[in-house]
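Below is one structure, written out as structure tokens; the observations come after it.
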Amino acid sequence: MYSIPLYLALIPYAVVVAIFALMAFIHVHHLIHYGAAGRMSFSITFLFLGGAALNILLTWWLLLGTDWNQAIQVGTPALTSFIL
Amino acid sequence: MSISFKKLVQLHEGEKTVFLLRRHLLIFVGELIYVAILSAVPVGVWAMISYLAPGLLAGPNSVPLLVLTASGYYLMVWLFLIGSFVDYYLDAWIVTDQRILNVEQHGIFSRTVSELDLSNVQDVTSEVNGVIPSIFGFGNVFVQTAGQKERFAFEQVSSPHEVRQRVLELVEAERVRETRIF
């Protein structure tokens with residue numbers, strides 16, 4: 001049994017956010033470049049960007065006050081016994 | 001229904017766009033239902049864990065880890081939504097008074113633009129198959145050209161019979177125009 005700091009969990013999350021940001025930029029660029037003038041296209045783009053912003057803000061709000069230096073016990077007896 | 005034609009295709013001199021077709025909106029609504037199901041998955045997983053192993057949710061690190069996981073998951077679901085929309089929206093058939101252009105989006109980085117002259121059209125067939133297409137009035141239109149095995153297909157478009165009729169009228173008009181020129 002060993003422990004790792006909680007802030008290490010932010011690394012995979014940052015990777016997911018980076019992939020999301022890159023792909024979102026490409027998709028929105030496609031829409032703007034090839035026909036964002038449509039009402040439906042505009043609505044979906046607005047919904048998409050608004051939803052993504054809401055997700056990030058809600059995540060930030062829920063994680064306010066988290067002590068990122070606390071340790072995660074990897075392979076705790078309780079967890080291991082539950083999984084196995 | 002506007003799309004930046006100039007970035008996809010160059011219209012000939014004097015050529016006019018008659019109509020633009022996309023798949024029926026219901027096709028995209030189907031994707032929205034899929035997104036709704038995917039969005040419900042974490043709620044189901046959370047309910048299952050709280051029933052089977054409530055101790056997993058009670059630890060001091062549980063909340064931040066669950067929030068980060070759920071947030072990342074929903075970002076990916078959201079990405080799937082916009083990807084589905086781009087695929088739906090940028091697949092289009094542009095019918096001009098001289099040509100039919102087929103713009104197909106395959107994923108993010110692949111797009112195919114093909115075209116055929118109306119003067120080469122030999123046969124246009126429309127079909128509505130199934131209960132849902134019959135109720136909502138969408139189906140396929142196949143355009144057969146001379147000397148080509150493969151058919152040009154407008155898939156899952158609204159009012160396919162009317163589209164076939166309009167394409168046939170345009171074909172006739174194009175033939176008359178070409179006869180006058182030569």
Side-chain angles (χ1 to χ4, degrees), chain A residues 3-7 9-17 19-24 26-41 43-45 47-63 65-68 70-73 76 78-79 81-83, chain B residues 1-9 20 22 25 28-29 31-32 35 39 42 49 52-92 94 103 105 107-111 113:
Chain A
S3 61
I4 56 169
L6 183 59
Y7 64 76
L10 291 172
I11 295 172
Y13 182 70
V15 171
V16 169
V17 172
I19 292 169
F20 173 83
L22 178 70
M23 302 294 272
I26 293 167
H27 282 311
V28 172
H29 175 262
H30 267 102
L31 281 176
I32 291 169
H33 197 67
Y34 293 109
R39 201 187 315 154
M40 187 184 176
S41 168
S43 306
I44 292 286
T45 306
L47 177 79
F48 170 71
L49 293 176
L54 190 69
N55 183 331
I56 301 284
L57 279 174
L58 197 64
T59 304
W60 174 75
W61 179 72
L62 286 170
L63 296 177
T66 302
D67 177 11
W68 294 102
Q70 63 182 313
I72 306 172
Q73 301 297 320
T76 56
L79 182 61
S81 64
F82 170 73
I83 293 169
Chain B
M1 279 292 221
S2 56
I3 191 163
S4 302
F5 297 120
K6 283 177 188 169
K7 287 169 184 164
L8 293 169
V9 289
L20 184 145
R22 286 196 179 91
L25 190 61
F28 179 61
V29 172
E31 299 285 336
L32 288 181
V35 166
S39 300
I49 290 174
L52 294 173
L56 281 181
L57 303 173
N61 298 323
S62 300
V63 170
L65 290 176
L66 284 172
V67 168
L68 287 178
T69 308
S71 174
Y73 176 83
Y74 281 115
L75 284 177
M76 289 299 121
V77 170
W78 222 226
L79 208 53
F80 174 79
L81 170 74
I82 195 75
S84 301
F85 178 72
V86 168
D87 197 30
Y88 162 80
Y89 198 73
L90 295 184
D91 270 359
I94 302 156
V103 184
Q105 182 77 24
I108 304 178
F109 298 107
S110 175
R111 182 178 303 112
V113 181

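Order of the sequence lines sets the chain letters (A, B, ...), proteins ahead of strands, with each chain counted from 1. Note that these values count all heavy atoms, side chains included, but never hydrogens, waters or copies made by symmetry.
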| query | Which atom pair, heavy atoms only, marks the closest approach of W78(B) to A52(A)? | reply | NE1-N, 3.3 Å
| request: Look at the side chain of S84(B) and the backbone N and O of F80(B), then say whether any donor-acceptor pair between them is shorter than 3.5 Å. | output: yes
| request: Work out which heavy atom in S39(B) is nearest to a heavy atom in V77(B); give both atom names and the distance. | output: OG-CG1, 3.9 Å
| message | Report which part of F20(A) has an atom under 4.5 Å of a heavy atom belonging to chain B: side chain, backbone, both, or neither. | response | both
| task | Side chain from CB out, backbone as N, CA, C, O: work out which of these in T66(A) comes under 4.5 Å of a heavy atom of chain B, or both, or neither. | result | side chain
| For L47(A), is it the side chain, the backbone, both, or neither that has a heavy atom closer than 4.5 Å to a heavy atom of chain B? | both
| query | What pairs of residues pass the salt bridge (charged side-chain N to carboxylate O under 4.0 Å, His left out) test when at least one of them lies in residues 65-91 of chain B, not counting sequence neighbours? | reply | R23(B)-D91(B)
| query | With a 4.5 angstrom heavy-atom cut-off, which part of Y88(B) approaches chain A: side chain, backbone, both or neither? | reply | side chain
| Of the backbone (N, CA, C, O) and the side chain (C-beta and beyond), which part of F85(B) lies under 4.5 Å from a heavy atom of chain A, both, or neither? | side chain
| R22(B) side chain to A92(B) main-chain N or O, any donor-acceptor pair under 3.5 Å? | no
| Which bit of L68(B) comes within less than 4.5 Å of chain A, counting heavy atoms only: side chain, backbone, both or neither? | both
